[in-house]
Amino acid sequence: MSATLGLPDSAPPSVEALLPPDRRQSPTALRIQRGVRRLFSEMGCVTLPEFSLVNGRRADVIALCGAGKLTIVEIKSSVADFRADRKWPDYRDFCDRFFFAIPEDVPESLIPEECGLIVADAYGAGILREPPEHPLSGARRKAVTLRFAHSAARILHALADPGAVREGAL
């Protein structure tokens, strides 16, 4: 038995088997998400995908970095995806920094200058433009950080107790 997860040593299930994929994203968006999360991990940050905010929006990726700084990354997989979605200003009240992440074939000029820019694929990502910082208030930072902790704990629970996953939700 695995002491960590309480699972048999002989055939541990994959994470994908334990946590069903969220089918709301395109394959391209999922590849970008993976690259973005790898980038932030290399920077010493921890990330969560599909993070629900109290305003009803869902951040594609949120990163918690040193000193409690919060970064939200909105993934745009195509020009049409960017043009169809104008909700991105709604994320700014929940982070210190805001980026768009795009694949190489989306023109960089499409992304507003007041936002950070990341180009990503399934294997990694690079920051092409840093965003301006807009520090959160202490109360908002605490609320978002607690929500982050609760979301991460739910995911860990699902990994430790696969039966806790019901209908693709934690």
Side-chain angles (χ1 to χ4, degrees), residues 1-77 81 85 87-101 116 118 120-125 131 134-170:
M1 286 291 247
S2 167
T4 307
L5 296 177
L7 301 171
D9 288 328
S10 59
S14 68
V15 170
E16 292 80 16
L18 294 175
L19 296 174
D22 184 334
R23 300 202 193 302
R24 292 175 283 199
Q25 297 81 27
S26 69
T28 300
L30 288 173
R31 288 190 295 272
I32 295 167
Q33 180 191 92
R34 181 179 177 204
V36 164
R37 294 185 75 194
R38 285 181 171 195
L39 170 68
F40 278 93
S41 179
E42 290 168 4
M43 293 168 36
C45 304
V46 292
T47 61
L48 289 173
E50 301 304 317
F51 182 75
S52 295
L53 301 167
V54 296
N55 67 355
R57 299 291 185 207
R58 193 178 65 249
D60 293 329
V61 175
I62 188 166
L64 178 60
C65 301
K69 297 282 185 176
L70 292 156
T71 300
I72 289 179
V73 180
E74 176 71 0
I75 295 170
K76 293 297 160 206
S77 58
D81 182 20
D85 183 1
K87 68 185 184 302
W88 64 267
D90 297 345
Y91 297 116
R92 285 205 151 150
D93 291 338
F94 299 92
C95 61
D96 298 294
R97 301 181 333 145
F98 177 82
F99 284 92
F100 278 103
I118 296 170
D121 61 23
Y123 302 101
H134 41 27
L136 290 175
S137 69
R140 177 59 60 91
R141 180 178 313 288
K142 179 180 178 182
V144 177
T145 302
L146 284 172
R147 194 173 186 92
F148 186 101
H150 281 249
S151 295
R154 276 194 302 276
I155 292 168
L156 285 174
H157 182 168
L159 288 170
D161 180 6
V165 178
R166 308 252 190 281
E167 298 176 17
L170 299 177

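Starting from 1, each residue takes its place in the sequence as its number. Note that this is a predicted model, so its numbers are computed, not measured.
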Test side chain to side chain contact (heavy atoms under 4.5 Å, CB included) applied to Leu53 and Arg58, step by step: CA-CA 6 Å; Leu53 301 167; Arg58 193 178 65 249; over 6 Å; no
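- The line from CZ of Phe148 to OG1 of Thr47 is 6.5 Å long, rounded to the nearest 0.5 Å.
- Every residue two or more places apart in sequence or in another chain that forms a ring-ring contact (aromatic ring centres under 6.0 Å, His included) with Phe100 is listed here: Phe82, Trp88, Phe98.
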Residue pair Val54, Phe94: steps toward the side chain to side chain contact (heavy atoms under 4.5 Å, CB included) verdict: CA-CA 9 Å; Val54 296; Phe94 299 92; 3.6 Å; yes
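- Contact record, Leu48 with Ala152: CD1-N, 3.9 Å, taken as the closest heavy-atom pair.
- Minimum interatomic distance between Phe40 and Ala63 (heavy atoms only, all atoms of both residues): CD2-CB, 3.6 Å.
- Considering every non-hydrogen atom in both Ala125 and Ala120, the closest pair reads CB-CB, 3.5 Å.
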Derivation and outcome, side chain to side chain donor-acceptor pair (under 3.5 Å), residues Ser41 and Arg38: CA-CA 5 Å; Ser41 179; Arg38 285 181 171 195; over 6 Å; no
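- Residue Phe51 is tested with Ile62, Val61, Leu70, Ile72 for a side chain to side chain contact (heavy atoms under 4.5 Å, CB included); the sole match is Ile62.
- Applying the side-chain contact (heavy atoms from CB on, under 4.5 Å) criterion to Ala101, with sequence neighbours excluded, gives Ile32, Val36, Val73, Ile75, Ile118.
- Going from atom CG of Leu146 over to atom NE2 of His150 covers 5.5 Å, rounded to the nearest 0.5 Å.
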Verdict with reasoning, Asp60 to Gln33, per side chain to side chain contact (heavy atoms under 4.5 Å, CB included): CA-CA 8 Å; Asp60 293 329; Gln33 180 191 92; 5.6 Å; no
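- Listed by chain and number, the residues in a salt bridge (charged side-chain N to carboxylate O under 4.0 Å, His left out) with Arg37 amount to none (sequence neighbours excluded).
- With sequence neighbours excluded, the residues that form a salt bridge (charged side-chain N to carboxylate O under 4.0 Å, His left out) with Asp90 are Arg57.
- Here Asp93 pairs with nothing under the side-chain hydrogen bond (donor to acceptor under 3.5 Å, both in side chains) rule; sequence neighbours left out.
- Identified under the salt bridge (charged side-chain N to carboxylate O under 4.0 Å, His left out) test for residues 139-151, with sequence neighbours left out: Asp96-Arg141.
- The nearest pair of heavy atoms linking Gly116 to Pro131 is N-CB, 3.3 Å.
- Remark: Arg31 pairs with Thr28 by the side-chain hydrogen bond (donor to acceptor under 3.5 Å, both in side chains) rule, at least two apart or across chains.
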